[in-house]
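To start, the structure itself, in C-alpha cells.
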Amino acid sequence: MEPARTTLYRSFLLATIPALALLGFLLGATALLVLAAAWTGLLGAAWIGSRRALRGLSAGRRLYPSAFEGDLVDVEVALEGARRVRMVEVSDAFGPGLADEQRMLEPGPLERGFRQRLGYRGYCSRHWGLYRVGPLELVTSDPAGLFHAWRRLPLFDEFAVFPRVYDVAGLRRIGARPTLAPQEWSAGRPGRSLAYLGVRDYRPGDDLRHIHWPATARRGAPVVKEYEVDLLPYLSVFVDLDRRHRAGTGKKSTVEYVLRTAASLLWTAVRDGDAVQVFGEGRRTLFVPPGRGETHLTFALYELIRAAQDGTVPIEEAVRGRLPSVPENSSVAIVSATIFLDLGAMGAILDAFRGRGVRAVAVLVNDHSFPAFDKWPRPRVEVVERTREVAFFLRSHGVPSLVLEEADDLEAALGRADFTS
Amino acid sequence: MRASGASPGRVPAALLSARLAAVFLLSLSSLYHIALAWEPALLRQPLGVAWPPFVLAAAALAGAALHDRLAFLAERAGRGRIQMAGWIGYNFVLIAAILGAMAGEPGRGSAGFGASVMRFLQPCFLLLAGLGRGYIGAITNAFALTCHASLAGGVPAASAAVSFAAVFTFFLVVDHHARKLTEYPVEIPPRPGGVLARAALQGAGMAAVLAGAFLLWPPQAAVVLARPASHEPLTRGQVLEIYANLAVVALVCGVGFYLLLRLAVGRGRGQGELQVERVAARRRSEPVAPPASPGEGGAGSGWEGRIVKTYVRLLNQLARLGVRRRLDETPREFSARLAPRDAAEAVTGHFSRARYGPGGATEADFREASRAGELVLGHFRGRRQGS
C-alpha cells in the first residue's frame with residue numbers, strides 16, 4: 001500500500017488533465033474536456049480543503065522536563081480546532097530519542113470547542129545532556145488525501161536527560177550534624193530526639209514535661225529524662241572540573257566518569273534522606289545549595305549535566321575555597337578527575353576536615369587510564385606507583401578512597417565501594 | 001517514514017474491502033462502457049454482460065491474494081525495472097490507440113486494436129497489482145478505456161465519464177483513510193460506515209457535478225472518428241434496456257463482490273480485532289522436571305518427588321524378594337544390610353537429601369539414584385536366582 005502522504009494519485013490527475021484537454025481539443029470530444037475540467041475542479045477543491053482544515057487548528061504539549069537515560073517519557077499533545085476536522089497528523093521532534101520525529105494520527109472528528117489529547121512515549125536513548133523537544137507540526141489533508149497542508153508550531157521545550165545513576169552501596173551516613181528538627185538518625189549526646197538517652201538531675205530551665213516522676217519519687221529530688229541528639233546526614237560533593245584532567249571521549253572519558261559518579265553519590269544520599277550540596281569550579285561555577293528531597297535532587301542533577309570540564313582551578317584549591325561551607329560533623333565526597341593530586345595541599349584540607357569532625361571519602365578517576373588527547377601520557381609504572389601512593393596517603397588520613405579506571409564498569413565499581421572502613 | 005517503535009495500525013477490513021470493490025467497479029464500468037460506446041450490440045447478449053464481472057472479480061481476488069508474494073518477487077527482481085518495462089509497453093498501446101483515433105477512418109484498426117488490448121489488460125492489471133504501485137495500473141487502464149469510450153460521444157460517453165469520476169472519487173477517499181490507518185496505530189479507528197458514507201457522498205457529488213455539466217454541454221463524438229458502417233444504431237428503448245441491465249448487474253456485482261470480501265476474505269479481521277501473524281517457532285528441547293507432589297521432597301524442582309518414589313518402589317521390590325525394612329529401622333541402618341554397599345549408600349543418600357534436605361535435586365541425581373537402586377535390586381535378584 002502507498003504511504004500515507006503519497007502524491008501518486010495527485011500526480012496521476014495532474015498528468016491526465018493536460019492530456020485530456022489536448023485530446024478533447026484535438027478530437028473535438030466534449031466529454032474529455034468536461035472530464036479535464038472536473039479533475040481540475042477536484043484538485044482545486046482538494047487544495048482548498050486541505051488548507052481550510054488547517055485553519056484554526058492549535059496544539060500544545062505537556063511533558064515532565066527531565067528523565068534519566070533509558071527512561072520512557074510520556075508526552076501529551078493537546079489538539080484544538082476551530083472547526084470539524086478529521087485525519088490530523090501530528091509530528092513532534094523528541095530530541096532525547098533517536099527518531100527524528102514522532103508522528104501520530106488523530107482520526108477525528110475534532111469537534112469545535114473540544115480538546116483532543118494525544119500521547120506518545122519517547123525513549124531517552126541519547127546520552128545525558130540538555131535536549132530540545134519540538135517543534136510541533138500539524139498536517140491536514142483533503143478527504144481524498146490529494147493535498148496535504150502543514151503548519152509548524154514553534155513550541156519548544158527544554159528536556160534534561162540525567163545520567164543513569166548507580167547505587168553507591170558503601171555510602172552510608174558517615175557524618176552528620178545536629179539539628180533541632182526530628183530526624184531518623186540520632187547520636188548518644190543530649191538532644192531533642194525521640195530516642196531515650198537516660199536521666200539526670202533537674203536543672204533550672206528544664207522542661208517540666210521531661211521530669212521522670214518515678215525516679216523523682218525514689219530520689220526525693222527532681223530528675224529529668226534526657227534524649228539523644230537528632231542528626232541530619234549532610235553530604236557535600238566536590239567535583240573536579242579542571243580542564244587539565246580531561247581525557248578520553250564520549251562515554252569513556254573523565255568528565256563522564258566524574259559527573260556520573262557525582263550524580264550517583266547525590267542520588268544515593270538523597271534517597272537515604274541526606275541533605276546534599278555540590279561544588280565545582282569550571283568556567284561556570286557549579287554550585288548547588290544544601291537541600292533535600294526529590295526536587296532538590298532534580299535541581300542538582302540539572303546543574304551537573306550543565307557542568308563542563310573546562311575550569312582552571314585545581315580540585316584542592318576548589319575544596320579549600322569552600323571549607324567554610326562544609327558544616328561540622330558532616331560528610332564530604334571529593335570526586336577528582338586525576339590521581340596526581342597535590343598531596344601537600346590535600347593533606348592540609350583533610351586535617352582541617354578531621355579537626356571539624358568532617359568525614360571525607362574520595363573517588364579518584366585515573367585520567368591516565370583514558371586515551372589522552374591534549375597531553376602526553378605518563379609512563380605506566382609511574383601511574384601505578386602514583387595510584388598506590390595516593391591510596392596510601394588517603395588511607396593514612398583516614399579517608400576511604402576508590403580509584404576508577406577506564407576499564408572499570410562504573411555500576412559494579414560504585415556498587416562495590418566501601419567507604420565505611 | 002514510520003514513527004519509531006510504532007506498530008502498523010489496524011485498518012478496518014471494511015475499508016480495504018470497499019477499496020478493492022471500488023477498483024473492481026471502475027474496471028467493470030470501463031469495460032461495459034467501451035462496449036456500450038462502440039459495440040452496444042454485444043451487451044444485448046447474455047455472455048457479453050456476464051463475462052466481465054466474473055473475470056474481473058476473479059482477477060481482483062487472485063490479485064489481492066497474490067499481492068504480497070508478487071510484491072516480494074518484484075522487490076527481488078527489481079521493481080523499478082519491471083514497472084518501467086510495463087509502462088513502456090503500455091504506452092505503445094496507448095499511442096497506437098490515440099494515433100489511430102486521431103487518424104480517423106484509416107486508423108480505425110489501430111484504435112480498435114488498442115482498445116482490445118486495453119480490455120484484455122484490465123484483468124491483468126488487477127491480477128498483477130502486487131508488481132506495481134497499488135492499483136494505479138488498473139486505474140490508468142480503466143481511465144484509458146473510459147476516455148476511449150468518451151470519444152463516441154452521446155450518452156455512453158457521458159455515463160462513462162460520470163461513473164468513472166464518481167467511483168474514482170469514492171476510491172480516493174477510502175484509499176486515503178486506509179493508508180492513514182495502516183501507517184498509524186490508532187486506539188479507536190473511525191467507524192468504517194461513516195468513512196464509506198462520506199466517500200459515497202463525495203463520489204455522488206462528483207457525479208452530480210459532471211452530470212450537470214453534460215446536461216449543459218452534451219458530449220460530442222470525436223470529429224475524426226465515425227462509427228463503423230456496419231454499426232446498426234440501437235433504438236432508444238434498446239439503449240435504455242441495456243443501461244437498466246448494466247446498472248442492475250453492476251449494482252449486484254459491486255455489492256456481491258464487497259460482501260464476498262467482507263464475509264469470506266475479511267472474516268475475523270474486523271474493527272478492533274487483532275491481525276494474527278503466524279511465525280515459525282524456534283524449537284529447542286530440554287527435559288522438563290516433573291511437578292513436585294506435596295510431601296514428596298518439599299517444594300523443590302520436582303526431581304525430589306521422583307527420587308522418593310524410586311526409593312519407595314525399591315523398598316517394595318526388596319520386600320517381595322524377602323528383604324524387608326523393619327519399622328524401627330532408619331534408612332541408613334537399612335542400607336547397611338544391603339549390597340552392593342556403595343550403591344545402597346548412594347540410593348539412600350539421594351533419598352535422604354530429597355526427602356529431608358533443602359531441595360535442589362537434579363535430573364542427574366534422579367538418574368544416579370535409579371541406577372543405584374537397579375544395582376541393589378539386581379544383586380538380590382541374582383542371589384535369589386542363584387539360591
Side-chain angles (χ1 to χ4, degrees), chain A residues 1-6 8-13 15-16 19-20 22-24 26-35 37-39 41-42 45-46 72 86-87 89-92 94 97-109 118-123 125 141-146, chain B residues 1-6 9 11 16 98 101-102 133-134 136 139-140 143 146-147 149-153 157-158 160-161 164-165 168-169 171-173 175-186 188-190 194 198-199 202 206 209-210 213-214 216-225:
Chain A
M1 193 178 284
E2 285 293 303
R5 292 187 196 172
T6 184
L8 179 67
Y9 300 113
R10 187 176 73 202
S11 307
F12 169 74
L13 288 175
T16 54
L20 281 173
L22 193 66
L23 274 176
L26 288 176
L27 298 173
T30 341
L32 297 186
L33 290 172
V34 170
L35 206 52
W39 280 170
L42 176 69
L72 281 169
R86 294 174 198 275
M87 293 285 170
E89 288 175 73
V90 182
S91 302
D92 196 12
F94 184 70
L98 286 178
D100 294 328
E101 276 186 346
Q102 305 280 339
R103 286 189 188 173
M104 297 166 282
L105 177 72
E106 169 49 45
L118 302 173
Y120 70 88
R121 301 193 100 186
Y123 182 67
S125 41
S141 61
D142 60 288
L146 294 173
Chain B
M1 186 184 65
R2 181 162 290 154
S4 67
V11 190
L16 295 176
I98 291 170
M102 290 178 73
R133 291 181 65 178
I136 191 68
I139 290 169
T140 306
F143 179 68
T146 304
C147 291
S150 300
L151 296 179
F164 181 86
F168 184 53
T169 309
F171 167 82
L172 285 178
V173 176
D175 182 65
H176 174 226
H177 282 78
R179 276 186 281 119
K180 282 273 169 74
L181 294 172
T182 302
E183 194 158 315
Y184 291 99
V186 177
I188 307 168
R198 281 197 301 281
Q202 304 263 348
M206 179 53 111
V209 169
L210 267 180
F214 284 129
L216 290 175
W217 301 287
Q220 303 294 320
V223 286
V224 292
L225 209 62

* **Heavy-atom check, side chain of A/Pro107 versus side chain of B/Lys180, under 4.5 Å** => no
* Heavy atoms only: give me the nearest A/Leu32-B/Ser150 pair and the separation to one decimal. => CD2-CB, 3.8 Å
* Nearest atoms (heavy-atom pairs only) where B/Pro218 meets A/Thr30 -> O-OG1, 3.7 Å
Find the distance between [atom1] ([X]) and [atom2] ([Y]) and round it off to the nearest 0.5 Å.
X	Y	atom1	atom2	answer
A/Leu42	B/Thr169	CG	OG1	5.5 Å
A/Leu33	B/Trp217	CG	CH2	11.0 Å
B/Phe143	A/Phe12	CZ	CZ	5.5 Å
B/Leu181	A/Met87	CG	CE	4.5 Å
A/Leu8	B/Asp175	CG	CG	9.0 Å
A/Leu35	B/Thr146	CG	OG1	8.0 Å

* Is chain A contacted by the side chain of B/Ala161, its backbone, both, or neither, given a heavy-atom distance below 4.5 Å? -> both
Examine whether an atom of [X] lies under 4.5 Å from a heavy atom of chain B, and if so say whether it belongs to the side chain, the backbone or both; otherwise answer neither.
X	value
A/Ser141	side chain
A/Leu146	side chain
A/Glu89	side chain
A/Arg86	side chain

* To do: From the options A/Leu23, A/Thr16, A/Leu20, A/Leu27, select the one residue that forms a side-chain contact (heavy atoms from CB on, under 4.5 Å) with B/Cys147.
  => A/Leu20
* To do: Would you please name every residue forming a salt bridge (charged side-chain N to carboxylate O under 4.0 Å, His left out) with A/Asp92, sequence neighbours left out?
  => A/Arg61
* Among all residues two or more places apart in sequence or in another chain, which pass the side-chain hydrogen bond (donor to acceptor under 3.5 Å, both in side chains) test with B/Gln202? -> none
